[in-house]
Chemist: 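Below: one structure in structure tokens.
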Number of protein chains: 2
Amino acid sequence: MYERKTPVTIDCGLHLFMEVMNGKWKINLVWCVYNEIKRPGELRRKIPNATRRVLEGQLKQLVNHGILSNKSYDVKPPKVEYSLTELGESLIPIIRSTAKWGEENREKLEKLILE
Amino acid sequence: MYERKTPVTIDCGLHLFMEVMNGKWKINLVWCVYNEIKRPGELRRKIPNATRRVLEGQLKQLVNHGILSNKSYDVKPPKVEYSLTELGESLIPIIRSTAKWGEENREKLEKLILE
DNA sequence: TCAAGTACGGATAAATTTGTCCGTATTATA
DNA sequence: TATAATACGGACAAATTTATCCGTACTTGA
């Protein structure tokens with residue numbers, strides 16, 4: 001696994017949030033789990049642009065950061081389910097408000113982002 | 001300058017927000033400008049861990065994304081000031097709420113983030 | 001005149017994140 | 001008996017972001 005070479009900077013609350021939510025697909029993952037799409041395979045199918053490897057990595061980070069928890073059922077074939085922790089739940093209103101901001105300004109932003 | 005090789009993904013509002021705010025120091029920069037720390041030199045001194053080069057790049061992106069605007073006074077020595085656009089202003093409550101979330105959960109998060 | 005302040009930018013290296021290709025194991029279905 | 005589904009992980013390549021080191025130009029103050 002990759003080992004950090006420089007310390008993370010978490011001076012302020014903003015940084016804590018960003019540290020947890022940065023990652024190309026993390027918000028999607030949290031949002032999916034919130035909407036009952038909770039098994040690895042389901043998540044992959046729901047977010048087809050992301051590779052399995054990356055989703056796995058980001059799910060693992062979300063678990064490590066206390067946003068998601070995963071339950072592994074001891075059955076064959078294997079079954080795993082992710083769910084929001086209490087901390088993860090507390091993130092939902094914020095995610096919702098950032099999404100709202102994005103949608104409200106989509107027209108303007110799309111133009112600017114795509115040069 | 002660096003040229004992207006893969007298209008950006010902005011399916012949802014969350015992504016629009018992340019696209020604009022991702023970058024190690026962007027939230028700090030926006031927050032500083034909101035608090036009247038608006039000249040390049042001031043910003044560098046306020047955020048000493050960031051290199052000038054990176055701050056310049058992120059400021060430029062924030063301007064390109066319509067969050068900040070910069071006014072260049074034609075004086076010697078040169079003087080430049082950044083300010084929030086209307087779009088940038090609309091981001092303030094959201095930044096505030098993410099910061100609040102981070103601070104409220106700092107103890108827990110610090111522990112988790114630092115392994 | 002020399003050092004330090006104002007501000008900006010190119011070229012390249014280092015760090016980090018994301019993607020690709022390989023592999024493991026078990027079970028149900030065609 | 002293949003094929004696909006379940007789920008996971010190592011090794012490495014490619015893309016992207018951040019940092020370092022070089023340079024420009026002008027002005028003020030010691």
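Numbers restart at 1 for each chain; the letters A, B, ... are given by sequence-line order, proteins then strands.
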Chemist: Indicate, with a heavy-atom threshold strictly under 4.0 Å, whether A:V54 touches base, sugar-phosphate, or nothing.
Modeler: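 Counting heavy atoms under 4.0 Å across all strands, the contact made by A:V54 includes a base.
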
Chemist: Members other than B:Y73 in its cluster, when Ile, Leu, Val, Met, Phe, Trp, Tyr link by side-chain heavy atoms under 4.5 Å?
Modeler: B:V75

Chemist: Of all heavy-atom pairs between A:M21 and A:I27, which one has the smallest distance, and what is that distance?
Modeler: CE-CG2, 3.3 Å

Chemist: Applying side chain to side chain donor-acceptor pair (under 3.5 Å), can you list everything that pairs with B:N35, at least two apart in sequence or on another chain?
Modeler: B:W31

Chemist: Hey, could you give me the CD/CG distance between B:E103 and B:L109, rounded to the nearest 0.5 Å?
Modeler: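 Here the interatomic distance stands at 10.0 Å.
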
Chemist: Could you tell me if the side chain of B:W101 sits less than 4.5 Å from the side chain of A:S90, heavy atoms only?
Modeler: yes

Chemist: Which nucleotide span of DNA chain C, 5' end to 3' end, has atoms closer than 4.0 Å to non-hydrogen atoms of chain A?
Modeler: C:dA15 to C:dT27

Chemist: Go through residues 1-38 of chain A and report each residue with a non-hydrogen atom lying under 4.0 Å from DNA chain C, sorted by number.
Modeler: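 A:Y2, A:R4, A:K5, A:T6, A:G23, A:K24, A:W25, in order of number.
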
Chemist: Applying the side-chain contact (heavy atoms from CB on, under 4.5 Å) criterion to B:K46, which one of B:L29, B:I37, B:L55 satisfies it?
Modeler: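 Among B:L29, B:I37, B:L55, the one meeting side-chain contact (heavy atoms from CB on, under 4.5 Å) with B:K46 is B:I37.
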
Chemist: Rounded to whole Å, please give me the gap between CZ in A:R39 and P in D:dA5.
Modeler: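 Going from CZ in A:R39 over to P in D:dA5 covers 13 Å.
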
Chemist: What residues from residues 56-67 of chain B pass a heavy-atom cutoff of under 4.0 Å to DNA chain C?
Modeler: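 Contacts with DNA chain C under 4.0 Å: B:E56, B:K60.
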
Chemist: How does protein contact run along nucleotides 22-30 of chain D, one letter per nucleotide 5' to 3', with B for base contact, S for sugar-phosphate only, - for none, heavy atoms under 4.0 Å?
Modeler: B---SS---

Chemist: To check you understand the geometry: which heavy-atom pair defines the closest contact between A:K26 and A:Q61, and what is its length?
Modeler: NZ-OE1, 2.7 Å

